[in-house]
Amino acid sequence: MNLKKSRIIFWVHTFTPSIMNSGVFMKFFFNFYKKNYNNNVILFYLGKKINLFVGLKRLLIKTNRNDIIHVQYGSYSGFLCSLIPRKKILTIRGSDLIPLTNGSLLEKIHSFFGVFLTKISLNNYNKIIVMSHRMLRKIPSKFHYKTCVLTDPIDQKKFVLKNKIECRKKHFPEIDLDKILVLFTSIDINNPIKRFSLAKDAVEKVNLISDNKYCLVSATNIDNDSMVEVYNAVDICLLTSTHEGWPNCIKEAMSCNVPFVATDVSDLSIIANKTQTCFISTDNPKDISEKILKIDLSIKENLRKKISFLDNSLISSKLDELYFSL
C-alpha cells in the first residue's frame, strides 16, 4: 500500500455545533470527502480555548510523524497546532486573518490578538490554504510559495432549484407574494462583521423610490437543510460584510439561481463581472440601494453554472492532491 495514501489525516477544528455555521458546513464536506476520496480522515475536535492544551495533548498522542494535521482555522488553534512536529496544513477562513474594524473595543482586541496568532504561526506550516485571491494578498509574500487558494465547496446536489411559490408560502407566509424579497443571512444578526443595520438602511432607501416593493428578510435560526428552500423563496441575496473569506450564502444563493448584491469582499467582484444580475457595491447604503434596483429579475440567468467550479467533487480532488504532495 502506498505510504502516503495509508497515513491518517486529522481535520482539526474548534467550531461549536450550530445550525448554520462553519462547523455544520465542515461536517458536510468532511463526510463527502471521507466517503468519496479518503477513508483515512478523522474529524478531531480540539476544544474551546480553556481546553485547547488538553486537546493538543490528545492530538499529539493520537498522531504519528507520518500523519497529516489539517487545522481548519487560524487564531488560537492554528498557533497551538503549529507547535506540533508533524506535517501540517492550515486553512485560513477570513476573520482569522483580517482584523475587525467594527464592533466593541473588546471585540477588536480579541480579533487583533487572534490575527496576530495566525500570522506568527504561518512559518511552522508546510502548506497554507486561503479562501480567495484577495486573502492571498494579505499573506506575507515570503509564504506565497506554500500558499494556495482553495475555496470551500458548494454541494450542488443539495442546493438546487425548487418551486418558488411553495417555498415562499412555507417560509414567509405573512409577506404578500408581489413583494421582492431581499435575504440577509447571519448566525448572529448583531455580528459587527455582517452589518445588518447597513442592509436595513439600504433596503429602506430602495423602498423610498420603489413604492415599498422590496422586503428585507433574515435567516438567523434556520437549520442548514432548510436553507435551500429559503434561497428559493427569495429574489435577491444581500451581503454587507466588512470582510469575508468566501461567503457560503453567496455560493448557496447562486446555486439556487438567486442573484446577489455585495460589498467588495473576497473574490465576489470576479464572479459579479461574469454575470448580468449580480453587483458589487461600496458600503454606502445609497450605493447598495442603487445596485439592488439595477437587478433585472426578468432576466433568468444560469447563476448555478457560474459557481460550478466550487463543486464538492472538484474541490475534494484538489484537496486530495494537496495531501498527496506532502
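No experiment lies behind these values; they were computed from the predicted model shown.
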Short side-chain to backbone donor-acceptor contact, Asn232 and Val228, under 3.5 Å: yes
Pairwise side-chain contact, Asp311 with Asp155, heavy-atom cut-off 4.5 Å (strictly under): no
Check against salt bridge (charged side-chain N to carboxylate O under 4.0 Å, His left out), Glu166 and Lys170: CA-CA 6 Å; Glu166 290 179 4; Lys170 179 177 179 179; over 6 Å; no
Contact check, side chains of Leu319 and Tyr37, non-hydrogen atoms, under 4.5 Å: no
Electrostatic pair Arg93:Asp152 at N-O distance under 4.0 angstrom: yes
More than 12 heavy atoms of other groups within 6.0 Å of Lys179 NZ: yes
Greater than 12 external heavy atoms within 6.0 Å of Phe112's CZ: no
Electrostatic pair Lys164:Glu229 at N-O distance under 4.0 angstrom: no
Lys/Arg-Asp/Glu bridge criterion (N-O < 4.0 Å) met for Glu290, Lys294: no
Under 3.5 Å: donor-acceptor pair, side chain of Asp201, backbone of Leu198: no
Any donor-acceptor N/O pair, Lys138 side chain to Gly94 backbone, under 3.5 Å: no
Main-chain N/O of Lys213 paired to Asp211 side chain as donor or acceptor, under 3.5 Å: no
Arg304 backbone acceptor or donor facing Ser255 side chain under 3.5 Å: no
Short side-chain donor-acceptor distance under 3.5 Å, Asp96 and Thr118: no
Atom NZ of Lys158 with >12 non-hydrogen neighbours under 6.0 angstrom: yes
Over 12 foreign heavy atoms within 6.0 Å of NE2, His133: no
Ile154 vs Glu252 side-chain heavy atoms within contact, under 4.5 Å: yes
Flag, side chain of Ser281 to backbone of Ile288, donor-acceptor distance under 3.5 Å: yes
Separation of Lys318 NZ from Leu150 CG (nearest 0.5 Å): 7.0 Å
Smallest separation among heavy atoms of Lys34 and Val41, with atom names: NZ-O, 2.9 Å
Derivation and outcome, salt bridge (charged side-chain N to carboxylate O under 4.0 Å, His left out), residues Glu244 and Lys194: CA-CA 9 Å; Glu244 293 278 355; Lys194 304 296 185 179; 2.7 Å; yes
Short side-chain donor-acceptor distance under 3.5 Å, His70 and Thr91: yes
Side-chain heavy-atom pair Val261, Cys278 within 4.5 angstrom cut-off: no
Side chain Ser317, main chain Ser313, donor-acceptor under 3.5 Å: no
With sequence neighbours excluded, residues passing side chain to side chain contact (heavy atoms under 4.5 Å, CB included) with Phe309: Ile271, Ile307
Counterpart residues, side chain to side chain contact (heavy atoms under 4.5 Å, CB included), relative to Ala262 (two or more places apart): Leu239, Phe260, Leu268, Ile280
Residue pair Tyr214 / Ile236, side-chain heavy-atom distance below 4.5 Å: yes
Minimal non-hydrogen separation, His13 against Gln72, with atom names: CB-CB, 4.4 Å
Side-chain donor-acceptor pair present, Ser95, Tyr73, cut-off under 3.5 Å: yes
Interatomic distance, Ile187 atom CD1 to Thr220 atom OG1 [nearest 0.5 angstrom]: 10.0 Å
Parallel, tilted or perpendicular: rings of Phe30 and Trp11 (30°, 60°): perpendicular
Rounded distance (nearest 0.5 Å) linking atom CZ of Arg7 with atom OG1 of Thr63: 13.0 Å
Backbone N/O of Asn124 and side chain of Lys88: donor-acceptor pair under 3.5 Å: yes
Asn248 and Lys251 side chains, donor-acceptor separation under 3.5 Å: yes
Val71 and Leu80, any side-chain heavy atoms less than 4.5 Å apart: no
Any side-chain heavy-atom pair of Leu59 and Cys81 under 4.5 Å: yes
Interatomic distance, Ile92 atom CD1 to Ser75 atom OG [nearest 0.5 angstrom]: 11.0 Å
With Tyr125 via ring pair (Phe, Tyr, Trp, His ring centres under 6.0 Å) - residues at least two apart: none
For Met131 against Trp246, the heavy-atom pair lying closest together: O-CD1, 3.3 Å
Shortest non-hydrogen contact from Cys237 toward Val258: N-CG1, 3.8 Å
salt_bridge(Asp287, Lys291) N-O dist < 4.0 Å: yes
Closest non-hydrogen atom pair between Phe172 and Val217, with its separation: CE2-CB, 3.7 Å
Any donor-acceptor N or O pair under 3.5 Å, side chains Tyr33, Asp320: yes
Minimum heavy-atom distance Ile139-His144, with the two atoms named: O-NE2, 2.9 Å
Under 3.5 Å: donor-acceptor pair, side chain of Ser316, backbone of Asn312: yes
Side chains of Ser266 and Arg134, donor plus acceptor under 3.5 Å: no
No-hydrogen, no-angle side-chain donor-acceptor test under 3.5 Å, Arg195 and Thr240: no
Check: Met227 and Thr185 side chains under 4.5 Å, non-hydrogen atoms: yes
Within 6.0 angstrom of Lys146 NZ, more than 12 heavy atoms from elsewhere: yes
Backbone of Phe184 reached by a side-chain donor or acceptor of Ser218 within 3.5 Å: no
Any side-chain donor near an acceptor of the partner, Asn284 and Thr282, under 3.5 Å: no
Rounded distance [0.5 Å steps], CZ in Phe53 versus CG in Leu46: 10.0 Å
Reported NE2-to-CG distance for the pair His243 and Asn102, which is rounded to 0.5 angstrom: 9.5 Å
